[in-house]
Novice: 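Once you've had a glance at the structure underneath, I'll fire off some questions.
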There are 2 protein chains.
Amino acid sequence: MAAGPCTVANNLYCDQAMCEQCNYARLLKNADLEATANRLHVMEVVGGNNCPLTAAEIFHTISRTQPINQVTVYRILELLVEQNLLERITIGGRAAHYGMAPNEHHAPHPHFICTRCAAIDCLSPECLSVDMENLRKTFSGEVERVEVRVEGICRNCLKGGGKK
Amino acid sequence: MAAGPCTVANNLYCDQAMCEQCNYARLLKNADLEATANRLHVMEVVGGNNCPLTAAEIFHTISRTQPINQVTVYRILELLVEQNLLERITIGGRAAHYGMAPNEHHAPHPHFICTRCAAIDCLSPECLSVDMENLRKTFSGEVERVEVRVEGICRNCLKGGGKK
DNA sequence: GATCCGATGCAATAGATTTGCATGAATATT
DNA sequence: AATATTCATGCAAATCTATTGCATCGGATC
């Protein structure tokens with residue numbers, strides 16, 4: 001497997017995101033969504049990769065084997081994020097990335113973004129704990145989700161292997 | 001002061017971001033940057049607001065009193081983020097927001113995004129603690145920064161005051 | 001004064017995402 | 001069965017955000 005950013009699924013730090021156990025059709029049905037071929041393809045690509053992908057990456061991956069429109073991919077992604085099947089991860093000014101939303105097979109986990117090569121990776125859920133107790137006590141709104149993003153320089157780039 | 005999202009500086013949860021103490025000219029000089037009028041305007045607008053603003057908001061605010069080009073605003077923002085005077089905060093798919101970077105008057109703090117009205121607020125630094133120890137121990141890259149984002153429904157929207 | 005450089009403006013471009021409108025398949029209604 | 005409704009999708013165009021190329025201008029330097 002080639003070295004480089006997430007497009008080629010070479011997560012460096014954990015395999016939290018990758019999934020062989022999720023039944024995508026069932027996940028869709030549970031959310032009251034028709035399990036269309038396109039939706040299944042999107043879920044398979046996202047779930048089969050161990051780091052979050054952009055809409056364009058998902059589109060190109062599916063396109064290699066199936067005809068699909070890019071707008072359709074956007075619409076499916078939006079729908080699945082709304083229904084909490086996928087989660088959207090955003091980084092500075094660039095394209096959003098999509099990964100599996102937390103479910104029985106996917107614990108919530110922090111993400112790492114390399115400031116040098118822009119690679120995104122999933123970190124293992126245990127590596128960073130957040131004190132939610134205190135937050136919920138002091139915060140007067142309703143907390144739905146806490147996202148932790150670690151920025152820094154990845155192992156690859158530290159070794160000098162990162163591309164500028 | 002009107003209710004609504006950040007554009008009108010009505011932070012609900014803390015005033016961590018707002019600053020009457022920062023000397024912007026000095027901050028610029030310290031970073032070896034010329035303290036031009038435009039740069040000062042950008043810093044004043046960002047520092048004078050208690051929640052992060054988009055480039056467009058900053059541009060429009062300055063434009064009310066000074067002629068300035070939007071591209072200039074983008075360039076200044078990029079420069080100031082590079083030099084660690086400002087920090088860029090990104091949310092789902094939309095424009096980046098800019099706030100004061102951590103310095104002697106600004107502790108790093110989490111941000112809150114209302115999933116209903118899209119308002120962004122700064123939370124107080126103490127309200128959420130993160131165990132960096134464990135992270136640095138287990139992470140094989142170099143950590144530069146940890147960003148915490150809380151998503152949920154803000155006080156306003158819970159009261160029914162939020163606009164859809 | 002000639003030259004260089006950095007900051008800015010303006011126009012054009014790029015990239016990501018969204019919207020409007022049409023179609024076609026499946027389902028519900030009459 | 002014929003019609004209406006709904007929903008997923010495709011295609012084209014529009015929108016929004018950000019970046020790039022090129023010209024200018026003022027101040028500092030030679």
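None of the values given here were measured: they were computed from a predicted structure. In what follows, every chain begins at residue 1, and chains take the letters A, B, ... in the order their sequences are listed.
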Novice: Under 3.5 Å, which N/O atoms of the protein pair with N/O atoms of nucleotides 26-30 of chain D?
Specialist:
none

Novice: By salt bridge (charged side-chain N to carboxylate O under 4.0 Å, His left out), which residues pair with A:Arg145, not counting sequence neighbours?
Specialist: A:Glu87, A:Glu147, B:Glu151

Novice: Could you work out, with side-chain contact (heavy atoms from CB on, under 4.5 Å) as the rule, every residue matching B:Val81, not counting sequence neighbours?
Specialist: B:Leu86, B:Arg88, B:Tyr98

Novice: Using the test salt bridge (charged side-chain N to carboxylate O under 4.0 Å, His left out), find all partners of B:Glu34 that sit at least two apart in sequence or belong to another chain.
Specialist: none

Novice: Which nucleotide wins on minimum distance to the side chain of A:Asn38, given the candidates D:dG10, D:dC7, D:dA18?
Specialist: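 Per side-chain heavy atoms of A:Asn38, the pick is D:dG10.
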
Novice: I need the CD-C1' distance between B:Glu34 and C:dA7, as an integer number of Å.
Specialist: 7 Å

Novice: Without decimals, in angstroms, what is the distance between A:Ile62 CD1 and D:dA8 C1'?
Specialist: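 From A:Ile62 CD1 to D:dA8 C1': 14 Å.
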
Novice: Between A:Arg136 and A:Val143, what is the shortest heavy-atom contact and its length?
Specialist: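 Looking at all heavy atoms of both residues, the shortest contact is NH1-O, 3.4 Å.
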
Novice: In this structure, how many angstroms lie between the C1' atom of C:dA7 and the CG atom of B:Asp32, rounded?
Specialist: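 Those two atoms, CG and C1', are 16 Å apart.
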
Novice: Does a side-chain N or O from B:Asn69 land closer than 4.0 Å to OP1 or OP2 of C:dC10, or not?
Specialist: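 Indeed, a polar side-chain atom of B:Asn69 lies that close.
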
Novice: Any side-chain N or O of B:Thr36 below 4.0 angstrom from OP1/OP2 of C:dT8?
Specialist: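 True: B:Thr36 side-chain N/O within range (under 4.0 Å) of C:dT8 OP1/OP2.
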
Novice: How do B:Ile68 and A:Tyr98 order along DNA chain C: which one's closest nucleotide is nearer the 5' end?
Specialist: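 Between the two, 5'-proximity favours B:Ile68.
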
Novice: Using the side-chain heavy atoms of B:Arg39, tell me which of these nucleotides is nearest: C:dG9, D:dA18, C:dT8.
Specialist: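 Nucleotide nearest to B:Arg39's side chain: C:dT8.
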
Novice: B:Thr115: which residues meet the side-chain hydrogen bond (donor to acceptor under 3.5 Å, both in side chains) condition with it, sequence neighbours left out?
Specialist: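 B:Thr115 satisfies side-chain hydrogen bond (donor to acceptor under 3.5 Å, both in side chains) with A:Glu144 only.
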
Novice: Distance check needed: C:dA7 P versus B:Met43 CE, whole Å only.
Specialist: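 Interatomic distance, CE of B:Met43 to P of C:dA7: 15 Å.
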
Novice: Listed by chain and number, what are the side-chain contact (heavy atoms from CB on, under 4.5 Å) partners of A:Asn84, not counting sequence neighbours?
Specialist: none

Novice: Can you tell me how far P of D:dA18 sits from CD of B:Glu57, to the nearest Å?
Specialist: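 In whole Å, D:dA18 P and B:Glu57 CD are 11 Å from each other.
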
Novice: Output the rounded distance in Å from CD (B:Gln66) to P (C:dA7).
Specialist: 19 Å

Novice: Of all of residues 70-80 of chain A, which get a heavy atom below 4.0 angstrom from DNA chain C, listed by number?
Specialist: A:Val71, A:Tyr74, A:Arg75

Novice: Would you kindly give the CG-to-P distance between A:Leu33 and D:dT9, to the nearest whole Å?
Specialist: 11 Å

Novice: Who passes salt bridge (charged side-chain N to carboxylate O under 4.0 Å, His left out) against B:Arg26, sequence neighbours left out?
Specialist: B:Glu104

Novice: Nearest-Å distance, CD (A:Glu82) to P (D:dC7)?
Specialist: 14 Å

Novice: Checking A:Val71 now: which residues fulfil side-chain contact (heavy atoms from CB on, under 4.5 Å) with it, not counting sequence neighbours?
Specialist: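 Here the qualifying residues are A:Asn69, A:Arg75.
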
Novice: Determine whether A:His41 and A:Ile68 make a side-chain contact, defined as any pair of heavy atoms from C-beta on separated by less than 4.5 Å.
Specialist: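 In short, these two side chains do not touch, never coming nearer than 4.5 Å.
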
